[in-house]
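First the structure, in the form of structure tokens, and then the observations on it.
Note on naming: letters A, B, ... go to the chains in the order of the sequence lines (proteins, then strands), and numbering restarts at 1 for each one. Heavy-atom basis, side chains included; hydrogens, waters and symmetry copies ignored.
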Amino acid sequence: MSKGNPKMVKRFSKPIIFVHWLNAAAFFVLYISALPMYTEYFDWLYAVFGGPAGARLVHRIAAIFFVLPVVIILLADPKGFFFWIKQIMSWKKHDFAFFKEFPKEFFGGHANIPKQDFYNAGEKVNSILTILTAAMLICSGFVMWFPQFFPQAAVMWAYPIHNIGLGLSAAVVIGHIYLSVGHPGSKASLRGMTKGDVPEEYAKAHHGRWYDELKDAEKKDDKRIG
Amino acid sequence: MTNHWNDLQHTDCAMIIGANPAENHPISFKWLLKAKGKGGKIISVDPRYTRTSQQADIYGSLRSGSDIAFMGGLINYMLEKELYHKEYVIAYTNASFIVDEKYSFEDGLFNSYDEAKRSYDKTSWAFKKDEEGKILKDLTLEDPRCVFQLMKKHYSRYDVETVIGVTGTDKKTYLEIAKTFGATGKPGKSGTILYAMGATQHTVGTQNVRIYAMLQLLLGNVGMPGGGVNALRGESNVQGSTDFGLLYHNVNGYMEVPTASPEEATYKGFLEKNTPKSGYWRNKPKFYTSMLKAYYGNNATAQNEFGYQYMPKLTPKKDYSHMRLFDAMYAGELEGLLMFGTNPVVGGPNAGKEKEALSKLKWMVAVDLWETETSAFWQEGAGSKPADIQTEVFFLPACASFEKEGSITNSGRWMQYRWQAIQPKGESKADLEIIHLLALRLKELYQNSTKPADTPIKAMSWDYGHGNHPDIDLVCREINGYDMNTKKQISLFANLKDDGSTCSGNWIYCGFYTEEGNLSKRRDHTDEGMGNFLNWSWAWPANRRILGNRASCNPSGQPWSKDKTVVYWDAAKRLWVGNDVADFPKDRAPDIEGGTDAFFMLPTGKGGLFAGVNEGPFPEHYEPYENPVSNVFSNIQLNPAVKYGLEEMNAKGEAKDFPIVATTYRISEHWQSGAMTRNQPWLSELASHMFIEMSEELAKEKGIKNKDKVIVTSARGKVEAYALVTKRFKPHKLKEKTVHQIGMPWHFGYKGIVTGETANRLTPHIGDANTTIPEYKAFLCDVRRA
Amino acid sequence: MAAEYLKFVDVTKCDGCRACMVACKNWNDLPPEYEEFQGSIQSHEQLTAHTWNVLTFNEQETTNGGFEWLFRHQSCLHCVQAGCEKACPEDAISHTKFGSVVVDADKCVGCGYCVQGCQFNVISLATYKDKRGKEYRKAQKCTLCTDRLEQGLQPACVTACHTDCLIYDEREAVLSEANSRLLQVKDRFPNANIYNPQGIKGTTTVYLLADKPSVYGLPENPKVALSQVVWKDYAQPIGKAMLGVTTMAVIGAVISNSIAKVKNGDKGVDHHE
Amino acid sequence: MEMNVTRRQFLKLSGAVAATLAVVELGFNENEAKAKANSFKIAGLKPTPTICPYCAVGCGILVYSKDNTVVYTEGDPDHPINEGALCSKGTTVRQVYTSDRRQEKPMYRAAGSSKWEEVEWDWALDKVAQKMKETRDRTFQTMENGVTVNKTEAIACMGGAALDNEETYLLSKLMRAGMGLTYIEHQARI
């Protein structure tokens, strides 16, 4: 951002930002408190929680905060929520084309990515996987928390499902974080989830179709005003 | 037990009646199942299906209190089908003896009954003798006045239909039992009868045991390995404590306590009256004098009748047994009571009343490991008002069996030593030390007295070492006995003297502590054959393991069966040899006079099919004190020789108010009154609740469901507990009517980790005509939902 | 893994004394658990973390009008393919050389997955308190007295048993004893069977049952659950692999981007901003 | 089922207990067993043989004690009757010692009192001896129907089925031959 103040465009509403981070924080705590049980390389983490019982308690508190965002966003910004859902369900040619070019960009090469929507195809996949894995984790987690209300077979199935959910979601989240924080090309996107706006240049480069829509809308507005 | 635990493995058939060894003597099943593995059969006869019944090949049900009918029927069956062991019966029993003319039996009563005294003249049941005083016999067993024929006639009334109409046993099962057990009458086969309190705790308890013995004699099972009549005794040393005179009517070694009758005013008169002219008991003066020497040491001299006059004398005919003791206490005749590990407030008959009786005492001493319901009888928890009870109570903490050393005698008469594993817990002390310290104090209190009345306690010898802790080795040496001059240990009771030159605290134990040392400490577990383990500990008498084992051989001294050899006559050595010590004079040849007197301790040397106990020479069926049906066999309802005690202690219930038969019993996980076991966590966990077992049929009639709380009432009290509705109890279908029975454990009281109401609040205060053992096993009650 | 030695429970020899229950508590120093009245003489409804074997009592009317009171020494079967072992996410449950299935208390985190994973309701969680009074949980169950086996002693329950209902002996001896006992008891117990379920490759505790397994509350034909196979054999390794792959991808990306940065100076990345 | 049980030496009359743990040799690796022996709960402990205090079968039990408590009890494998097996009661004999319900101090309850007081042994024994003497002396009968009887019928002694033989001997000697009691009864009657 060495070029002084670029022009900014609004991207996410405050409630969306809030629940995103709440969700992220809860996930992070859930993830950390689950890791020592998931693999022996992280057994040292038990000490951090004061033993397995502590980890279990933290995990369960975090689980509640993990489920909360859905409720909050439905109350605070239902429009934004349904927009998101609608967006991620819409798949067009340019979305599929995204994946052909993405790896080049990912590994720092030169990519020729077609113009993307408000959510680019990568983000759409991320969202879908997030919803799916969250559903897996929440449902199976509930069964595991209250095994006495479910048949033994159901409880036994909950373990692999929770497990697969964790594997998938961890993979998704790691990729997601890297792309939004670590990857040099996507850094600007982080600002969308913190301040709520992104540089126009970034919107143009990464979400071309959305940028075009924005520009179209501006023109319309200009006309009306004019 | 005539035999012992390991010997059970040799049986061809075990009839378990009035006992539940799988629950109350579980390790017996180690050996019973070995027998079963070799093709032996197990029969369980019990009012309810027990853990024993599950391991049995045949289970037969009977109504509580109908054992004599059941066994009488079996005797009749054996005689009718000629399954008895004829050669044995002729040689070793009094079957051939001719009975005196006075003997008769009619409508439930034998001759010479005195209704006012409720007793018989037992001398009227004698054998006919020739001029020389020899008993007349008919070895063909055909004389109508011989024991065999009289017995046959007596039990001909016990036909199968009549019997099962009284016992309620299924006919097919009854016949199967008769056939199976009858098969042991074959020479060389052996069957055993195992009994316990289910037999003895009846108004006809003695006759129950007598009739088992008669059946066993008929089938030739007494003296055989895998045979015998075996009382499964319930406490670790109830055998020893009985051997050592802790009953009012016996001194050590089953000898008489003197009475204040004129004949017994002198020692000479006492011995004359109580020493039989024949049989081994002829030696009684040697045993008695040696005991008095052990008691009074050098203060017992020929001049002072060996201290005979120091011994307390009972009032003739007076009954001092447990229930009469409590009657006397209730009547205020007793001031003080010392108790060593006993808990009558839970274990006594009509326990509620026995508890009341305790409050009439001035002082009471309880020596125990635990605070029991009895030592705490004055507490509010016991339902008492402490302020109203003036009894001073002393509790002296005793230590446990492995916190001290000493020996105990098991049911098979093995005297086994226990070593000290740890110091007594806390301030508790060994009973030996407590008794010792009391004795020292008492002797000190009396040492300067010049009153003649105080001579006995002053004369009593008490030399068990210096200091507070008695030297147990000295006690052991005195029990065995030694030569008063040389101080050498006596090797066997045969060497005891009646001139005061030997002492022996208990003649039947003479031989356990010889110059070789204390043989009860032996731990050589080599089996010399037939599992008799002659070098493991020591068994009284004379280390014999199977009593009456002469009878395991035919009259000429050879075993009835090679597989069942314990002793035999070695003609070359002219000795009885084998893997047991012969219960017979070791050099008495089979072909000389008395050579076939297999039961040589008895005056006639023969097993008594006909023997006079208080209610007659042949066991006859009478109904329990409380029962719901009439006696089918005669018009005599209750055992005619049973004595009634204090009326206030023994309210009677009638069948119209209390139509259900009840019995008490024990379970595997608790012991006796529960003082030992309900104070321990793991056993309390295994059996935590007082329950009443009943049939599904009765439960349905009464609207009771499993696990409901129910109240059982008898004429004497009530008990609330859980209902345990089970298929293991079935109504008894008798000829007269169908009778329901319930059962309950008697282990519970209000102290301990787990508590429950006390079953003995329901039981009657009446007992057997000979032993006065209470009739816990058959009484009337009613049951309803709580 | 087939064990060299097997525990054999011949229920037809049991006389219900329950020494096995307390022998276990005595050796393993387990606390008592006083339960409500069960409506029979059975003491505990089922196995718990402090009660590793329970004698069950079962009254059965037989088809021919007879009656049997069936006893069973119920404890861990030490399955060759053990559900609890499969369920454990911490690999805290394993087989010893004796074939016994044991919980490593150091590894156990008290998650309770094994409780759900056992088809015989054998394993459960015990709650303890540490020095500071904080509660923690560990899975507990019969160990087959592995510590005794290591010393050449028999399991405590077997040592206490007086009827030879419980035997611990060489595999072949046990299996042939089981077969000959089965023939002996068939007359009285027509439904008698040897319970050594092959769906879980057999058990290290083999039963001779007097009646069908279901009469004793045992699964007739237990198998390793598909869910456990999916989890232990696929989900867990794949999940771990996915974590690994993703992590490797991120690391790879960081490295390759750094290389690109060095090559292109700041230009290469700046165009995005 | 052949079990090779180590044979135990005959116990010398001195009372030396040479009992070692009988090892059923199952053929496992001995070295490893030795390595773990230290954590083994009865490692190195010398058991003391005793006989079960409950029923009259008379089973052998080995008692393992350490640090002045009983840490374990087990059936005596050399005992001919039980051969190492025990029932539930015999198995739990350890808790006869360890139960916190054992009474460890003499206690006294005064007439009309609603509670026990802990007392000293000497005091309790002195008092009991005095009570016995007072009652005996007051109720003692020397003659009955012209026969010397030397008895008191106002004191009863009960119990003893759980005492050792030596104890029952001294008890009946003291109570009958010394004190002249006639009411001497115990559990064999009930």
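- The contact between B/N24 and chain D is made entirely by backbone atoms, counting heavy-atom distances below 4.5 Å.
- Contacts between D/I61 and chain B at a heavy-atom distance below 4.5 Å are absent for every atom of the residue.
- In terms of heavy-atom pairs under 4.5 Å with chain D, the best-connected choice from B/L445, B/V365, B/I434, B/L314 is B/L445.
- Your options are D/I81, D/V96, D/N68, and the one with the most heavy-atom pairs under 4.5 Å with chain B is D/I81.
- In terms of heavy-atom pairs under 4.5 Å with chain B, the best-connected choice from D/M143, D/E153, D/M179 is D/E153.
- No part of D/T152 comes within reach of chain B, as not one of its non-hydrogen atoms sits under 4.5 angstrom from that chain.
- Considering only heavy-atom pairs separated by less than 4.5 Å from chain B, the leading option among D/L170, D/T92, D/T98 is D/L170.
- Between D/K131 and B/E392, at least one side-chain nitrogen of the basic residue sits less than 4.0 Å from a carboxylate oxygen of the acidic one, meeting the salt-bridge criterion.
- The residues D/D76 and B/R523 are annotated as salt-bridged, a charged nitrogen and a carboxylate oxygen being separated by less than 4.0 angstrom.
- When each of B/L292, B/V475, B/N679 is scored by its heavy-atom pairs under 4.5 Å with chain D, the top score falls to B/N679.
- Residues B/G406 and B/I472 approach most closely at CA-CD1, 3.7 Å, considering heavy atoms.
- Electrostatic pairing of B/R233 and B/E235 does not count as a salt bridge here, judged by no charged N lying under 4.0 Å from a carboxylate O.
- For B/W370, the parts lying under 4.5 angstrom from a heavy atom of chain D are both the backbone and the side chain.
- Rounding to the nearest 0.5 Å gives a distance of 15.5 Å between CD of B/E669 and CH2 of B/W682.
- Between the side chain of D/E83 and the backbone N or O of D/H79, no donor-acceptor pair lies under 3.5 Å.
- Looking at D/E120 and D/K105, a side-chain N of the basic residue comes within less than 4.0 Å of a carboxylate O on the acidic one, giving a salt bridge.
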